[in-house]
Amino acid sequence: MSADLRSDSVCLGGSAPGAELPWEVLQTRMTDGLSAGVEVIEVRNGVFSCNVLPTRGMGIWTAHFGETRFGWDSPVKSPVNPAFVNLKSRNGLGWLDGFNELLCRCGLSFNGPPGIDEGNPSPIESDLTLHGKIANLPAHSVEMISNENEIGVRGIVDESTLFGPQLRLESSITSPLGSSEIRVRDVVTNLGSAPTELQLLYHINLGTPILGEGAKFACPASKVIPRDARAAEDASGYLEYLAPTSGYSEQVYFHETLTNSSGESLAMIQNSSGDCGLSLRFNKEQLPCFSQWKCTQALSDGYVTGIEPATNYPNFKSFEREQGRVVKLGAGESYTIDLVLNVLIDQEHVEEARKEIETIQGGNSCEVMLSPQLQYCSSE
Amino acid sequence: MSADLRSDSVCLGGSAPGAELPWEVLQTRMTDGLSAGVEVIEVRNGVFSCNVLPTRGMGIWTAHFGETRFGWDSPVKSPVNPAFVNLKSRNGLGWLDGFNELLCRCGLSFNGPPGIDEGNPSPIESDLTLHGKIANLPAHSVEMISNENEIGVRGIVDESTLFGPQLRLESSITSPLGSSEIRVRDVVTNLGSAPTELQLLYHINLGTPILGEGAKFACPASKVIPRDARAAEDASGYLEYLAPTSGYSEQVYFHETLTNSSGESLAMIQNSSGDCGLSLRFNKEQLPCFSQWKCTQALSDGYVTGIEPATNYPNFKSFEREQGRVVKLGAGESYTIDLVLNVLIDQEHVEEARKEIETIQGGNSCEVMLSPQLQYCSSE
Amino acid sequence: MSADLRSDSVCLGGSAPGAELPWEVLQTRMTDGLSAGVEVIEVRNGVFSCNVLPTRGMGIWTAHFGETRFGWDSPVKSPVNPAFVNLKSRNGLGWLDGFNELLCRCGLSFNGPPGIDEGNPSPIESDLTLHGKIANLPAHSVEMISNENEIGVRGIVDESTLFGPQLRLESSITSPLGSSEIRVRDVVTNLGSAPTELQLLYHINLGTPILGEGAKFACPASKVIPRDARAAEDASGYLEYLAPTSGYSEQVYFHETLTNSSGESLAMIQNSSGDCGLSLRFNKEQLPCFSQWKCTQALSDGYVTGIEPATNYPNFKSFEREQGRVVKLGAGESYTIDLVLNVLIDQEHVEEARKEIETIQGGNSCEVMLSPQLQYCSSE
C-alpha cells in the first residue's frame with residue numbers, strides 16, 4: 001500500500017501486553033487514478049491487520065494475517081472514489097465499477113437488482129440501482145479507536161435526502177488487541193419523522209488463497225435453495241468450490257440458517273487443505289436471510305465467493321416486500337447489526353469453527369432443494 | 001465549522017471604523033464525508049457573518065447574527081461536493097441530495113421539475129433534471145473582496161458545453177462594512193453565438209429559529225395564486241406558518257408582486273414575536289415571478305419556508321415557455337440580478353421592513369385566488 | 001497555466017545538447033472550479049511543449065511552439081475533472097461537458113453516439129454514452145520519462161468492471177529531445193479471460209491560429225465519403241476550411257487513406273498562408289478508419305476541425321459491428337497504436353509534409369463521393 005498513499009498520514013500506536021508486534025491505527029489517503037481521495041484506515045493489530053475505507057461507506061478493503069491476504073482480486077484493482085462511480089451507468093449496474101472489497105454493504109434504502117420499484121409511489125425512492133448507495137457514500141466524523149481492549153475506527157454514513165429516506169449508519173469496526181478478529185457493529189437509524197424501509201446486505205468476499213479447488217463452505221442450515229435454474233444445475237454440490245473455471249456463470253444459494261441458543265449463527269469458508277479460512281459470526285434475528293455467492297470464474301475475471309448475511313434476499317425490492325422481508329424502521333428507530341469476522345490461520349482454528357457449526361446443526365436435517373422455491377426466488 | 005475545515009486557510013482581516021468586532025474574509029476547504037473538497041468563504045462582518053460556497057455554484061450556506069442562525073436544517077446535513085451529486089438519480093430528482101443552503105440558485109439553462117423538454121429539439125438541451133445544474137457546478141476565479149466600503153467574495157460559474165448553452169454566471173456577494181446585509185449581484189452572460197434560454201430562480205430558505213408557529217410572510221402583491229389543489233386547501237392562510245407538522249405536504253403560492261417607483265419589491269419572513277426576521281429586496285423587472293414555498297413538515301424532515309424570486313415560476317420548462325416566461329438571451333447579452341438580504345435582529349428593524357412593504361402595497365388590493373389559475377399553474 | 005496550478009509541483013529538468021532552451025517535465029495539479037484535482041504533466045522540450053492530462057485518460061490538452069498554441073477554444077474552457085462529468089446526462093451526450101483537448105481518445109469499449117446496443121446482450125455493456133468512458137477515467141501509475149533521447153510521461157488507464165470488459169490502456173507520450181514532435185504509443189490489453197470488443201478513435205482537434213479561412217486539410221486517400229446529407233452539401237470542398245461561420249453545422253467526411261510501403265499514412269492541417277500546421281503520422285493497419293470533422297462554427301461556439309484516425313468510423317456501435325469494423329481482442333491480447341504529431345512551424349516543414357502526402361498519393365486517384373455510401377454511413 002505504501003506507493004499509492006500520501007505521506008501526510010495520522011497514526012496512533014502502542015504495544016499490547018504479550019504481543020510480539022506493536023499495534024497501530026494509521027490514517028492515509030490514496031492519490032492515484034480512480035483511488036484519488038480515498039481515505040484508508042489501516043488497523044494493524046500485530047501480525048493481523050485490516051484496511052477500512054471510510055470513503056466507501058466504511059467498507060473493509062482487505063485483511064491480512066502475516067503474508068496471507070483475505071480479500072479477492074476484482075477486475076477493479078483498487079478502491080474507487082465514489083466521485084468516479086455513476087450508479088446509473090451500465091443500465092443501473094454502475095455499482096460494479098467500484099466493487100472490490102472484502103466487506104461491502106448493500107443498502108440502505110434498497111439493494112438487489114436495478115429497476116423501477118412500482119411498489120413505492122415516490123419518484124425519489126423508486127429509481128433503484130444495483131445494491132444501493134451506501135458503498136458509494138463517504139463517511140464523516142471518522143475517528144480512530146484505541147483503548148486498553150481494542151483498536152479500530154468508527155464513522156458515520158448518511159444516506160439522506162430531502163423528501164426521502166434519512167438513514168444514518170454509525171459503524172464501528174474494531175479488533176481486540178492481540179486477536180485476529182474484526183468486530184463490526186452497525187447501527188442504522190431512521191432520522192426522519194415517518195417510517196422508512198431498510199434493506200441491508202453484507203457482501204463478504206474471498207478469493208485466493210483461501211478460495212481454490214476443493215475449498216469448502218460451511219454453515220448450519222435447515223434448508224438450502226438455489227436462486228435460479230443456473231444455481232439449480234449444481235445444487236447438491238453447493239458446499240464445495242471449483243478451481244477457477246473459464247466461462248463459469250455465478251451461482252447463488254439461499255440458506256435458512258440455524259442458530260445457537262443465543263440466536264447466533266456461524267458461517268465459514270476454508271481452503272482445501274483445511275488449514276486456513278475465514279469465519280463469520282452473525283445474529284439471525286438481525287440478519288435473517290443468508291446468501292452464498294459462488295463465482296468461481298477465471299482468475300482474471302474475479303475468482304470469488306461471497307457470504308452474505310442480510311435483512312433480505314438480494315431479489316428485486318418489490319419481490320422482497322411482497323414476501324415480508326423488507327424492514328420497516330419507525331421514526332427515530334434504530335436497527336443494530338453485529339458481525340464478527342475471524343481469520344482462521346491454522347488447522348486447529350478451522351476445526352474449532354467447523355465443530356461449532358456442527359454443534360449448531362446438531363440433529364437438524366438440512367434440506368437441499370433442487371430447484372428454486374416460490375417464496376425465495378423471484379425467478380420462479 | 002471549525003472541526004471539519006482544514007487548516008490551510010487564507011484570511012483577510014481588518015477593523016471597520018466604529019465597529020466593535022473586526023471583519024474577516026476567511027477561505028477554507030471542508031474535508032469530511034460528502035463535504036470533502038467544498039470551499040467555504042466565511043465573510044465575517046463583525047457580529048454578522050455569512051458562508052459562501054464557491055464549490056456549490058456560489059450558493060450561500062448560512063448567515064449568522066451573533067448566535068442566531070439564518071438557514072435551515074435539511075436532512076442533508078452539510079454542504080455536498082457536486083462530485084457526489086448525481087442529478088440523474090432518483091428519476092431526475094438527485095438535486096435533492098445536495099440541497100441545504102440559505103440561498104441556492106436554480107438554473108441557468110432550466111429549472112423546475114425533471115423531464116424531457118419536447119419544446120427543445122436538441123438532445124443536448126432537452127434532458128431536464130430538477131432545478132438545473134448551476135448549484136452543482138464549482139466556481140472558478142474566486143476572489144475575496146475587501147475595500148473601504150464592503151467585504152465579500154466574487155466567483156465565476158460556467159454552465160457550458162459544446163453544441164449547447166454557454167451561460168456564464170459572474171456573482172459577487174458582499175456585505176457593507178458594519179452592516180448585517182448581504183448584497184448579491186449576479187450577471188449571467190450568453191457566451192455563445194446564438195440566442196439561448198435562461199431560467200433562474202433564487203431558492204432562499206429559512207427554518208428555525210425564525211420559522212416557527214405563527215411566523216409570518218409579507219410581500220406587496222396584487223394577486224396570490226395557489227400552485228395546485230394542495231396549496232388551494234389553505235390559500236387564505238398563506239401569510240402565516242404552522243408549527244412543525246408531521247405529514248405536512250408542501251404548499252406553493254405564486255405572487256404577482258408590487259414594487260415601488262424604482263421597480264423594487266421587498267419580501268420578509270418574520271418570527272412569531274416580531275423581533276427577528278429576514279428581508280429580501282429584489283427588482284421585479286429582473287425577477288418578475290415570485291414563489292412562496294411553505295414546507296412546515298416535521299423538524300427532522302426539514303422544517304422550512306422558501307421565498308423564491310425568479311425569471312419564471314417553477315413549473316416544467318415547456319409550460320413556462322408557452323406562457324412567455326422563459327428569458328431569451330441574445331449572443332453576448334447579459335442579464336443582471338440584484339438582491340439584498342437583510343437580517344432583521346430586533347422589533348424596530350422588523351417593523352421598518354413591514355412599513356415599507358405596506359407603503360408599496362398602498363391602496364392596491366391583493367386578490368387571493370382560491371384555486372390554481374390557468375396561466376400560472378401547469379396543474380390546471 | 002501558472003495561476004490555476006498549485007505550487008507543490010514535481011519537476012525533472014536538464015539541457016539537451018545543442019538546444020538553446022533547457023527541457024523540463026513538470027507535474028502539477030489544478031485547483032480551480034471544474035478543473036480541481038486535474039493532474040497536468042507539462043513536457044517542455046525547449047521552445048516546444050505539450051500538456052498531458054493523466055486525470056482525463058492521458059489526453060493531451062494543448063501543445064505550444066513558442067507563442068503558437070496548438071489546440072482549440074472549446075466552450076468548455078479548462079480541463080474538467082471526470083468527477084464533474086456525468087456521461088449519462090444530456091441524453092447520453094454528457095461527454096461534451098468535458099471536451100476541449102488537442103488529443104482526446106474515444107473508447108475503449110465503445111465510441112460513437114449514445115444508445116442501447118441491441119447487439120450486445122449484456123446490460124453491463126449495452127448502455128452506450130457518447131464516445132465512451134476512457135477520456136473520463138483518471139490514469140494511475142503515472143511516471144515522468146526522461147532519458148538521453150526523449151522526455152515525456154507514461155500512465156495506465158483501466159476501463160474495467162466486474163462481469164464486463166477489462167480494457168487496460170498503457171500510454172506513453174514522449175518528445176525526442178530538441179524536437180517539436182509528440183510520439184504517442186498506446187497499448188490496449190484485454191485483461192479478461194474472454195474476448196472483448198475494442199473501439200478506439202483519436203479525436204485530434206485544432207482551432208485558431210492554424211485553422212482559419214483557407215486553411216487546408218491533406219491526406220492521401222483513395223476515397224472520400226460524406227457522412228450524411230449535411231456533409232454531402234459541400235463534399236467537393238472537403239479539403240478547405242471556412243472562416244468562423246455563425247450557424248454552421250458540423251460536416252464529417254470518411255477517408256479511405258493510402259499508405260507508404262510501411263503501412264504509414266500522413267494527414268496534415270495547415271494554415272492558409274502555408275507556414276504553420278500540424279501533421280499526424282499513423283499506421284493504417286492499426287487505425288484503418290479515418291474521419292475528418294469540419295466544425296467551422298462561430299469562434300465563441302468552438303471553431304475547430306478534428307482529424308480522427310480510428311479502429312472504426314464513429315457510427316453507432318451496432319452498425320460498425322455489422323460492417324466488421326469492431327476489433328475483437330482475445331483474452332490477454334494487446335492492440336498497439338503509434339501516432340506521431342509534428343508541429344510544423346514554417347513553410348519548409350509544411351511543404352515537406354505536403355510532398356510526403358503527395359508521394360504516398362502517387363498516381364492513385366481519389367474518388368470523392370457526392371453522397372453517403374451504404375457500408376460507411378449509418379445514415380444511409
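Chain identifiers are assigned alphabetically (A, B, ...) following the order of the sequence lines, protein sequences preceding nucleic acid strands; residue numbering begins at 1 within each chain.
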Peer 1: With a sphere of 6.0 Å drawn around CD of E213(B), does it hold more than 12 non-hydrogen atoms of other residues, nucleotides or ligands?
Peer 2: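 No, the 6.0 Å shell around CD holds no more than 12 heavy atoms from other groups.
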Peer 1: With only heavy atoms counted, which part of N86(B) is less than 4.5 Å from chain A, the side chain, the backbone, both or neither?
Peer 2: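 The side chain, not the backbone.
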Peer 1: Got a second to check how far C295(B)'s SG is from D301(B)'s CG, nearest 0.5 Å?
Peer 2: 8.5 Å
Peer 1: Is the terminal nitrogen or CZ of K294(B) (NZ for Lys, CZ for Arg) located under 6.0 angstrom from the six-membered ring centre of Y241(B) and within 45° of that ring's axis?
Peer 2: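 Judged by the rule (NZ or CZ under 6.0 Å from the ring centre, within 45° of its axis), K294(B) counts as positioned above Y241(B).
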Peer 1: Just say parallel, tilted or perpendicular for the rings of H203(B) and W95(B), cut-offs at 30° and 60°.
Peer 2: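 Tilted, since the angle between the ring planes falls between 30° and 60°.
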Peer 1: Quick one: what part of L93(B) sits under 4.5 Å from any heavy atom of chain A, side chain, backbone, both or neither?
Peer 2: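 Side chain only.
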Peer 1: Below 4.5 Å, heavy-atom pairs only: which of G92(A), A83(A), G164(A), P138(A) has the largest tally toward chain B?
Peer 2: P138(A)
Peer 1: Measure up the W293(B) and F163(A) rings against each other and bin them: parallel (under 30°), tilted (30 to 60°), perpendicular (over 60°).
Peer 2: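 Ring orientation of W293(B) relative to F163(A): perpendicular.
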Peer 1: Quiz question: by atom type and distance under 3.5 Å, do the side chains of N190(A) and Q166(A) form a donor-acceptor pair?
Peer 2: no
Peer 1: Which residue, I204(B), L53(B), L103(B), I41(B), forms the side-chain contact (heavy atoms from CB on, under 4.5 Å) with I60(B)?
Peer 2: L103(B)
Peer 1: What part of N81(A) gets closer than 4.5 Å to chain B, counting heavy atoms only: side chain, backbone, both or neither?
Peer 2: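 For N81(A), side-chain heavy atoms alone lie under 4.5 Å from chain B.
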Peer 1: Hey, which residues of residues 109-123 of chain A are touching chain B, say heavy atoms under 4.5 Å apart?
Peer 2: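 Expected list: I116(A), P123(A).
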Peer 1: Using the six-membered ring of Y313(A), assess whether NZ or CZ of R321(A) lies under 6.0 Å from its centre and within 45 degrees of the ring axis.
Peer 2: no
Peer 1: For chain A, find which of G247(B), G37(B), S89(B), S74(B) contributes the most heavy-atom pairs closer than 4.5 angstrom.
Peer 2: S89(B)
Peer 1: Taking NZ, NE, NH1 and NH2 as the nitrogens, is one of them in R227(B) or E250(B) under 4.0 Å from a carboxylate oxygen of the other?
Peer 2: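 The answer is yes: the pair qualifies as a salt bridge.
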Peer 1: Output the option from P54(A), A331(A), S160(A), G155(A) having the highest count of non-hydrogen pairs under 4.5 Å with chain B.
Peer 2: S160(A)
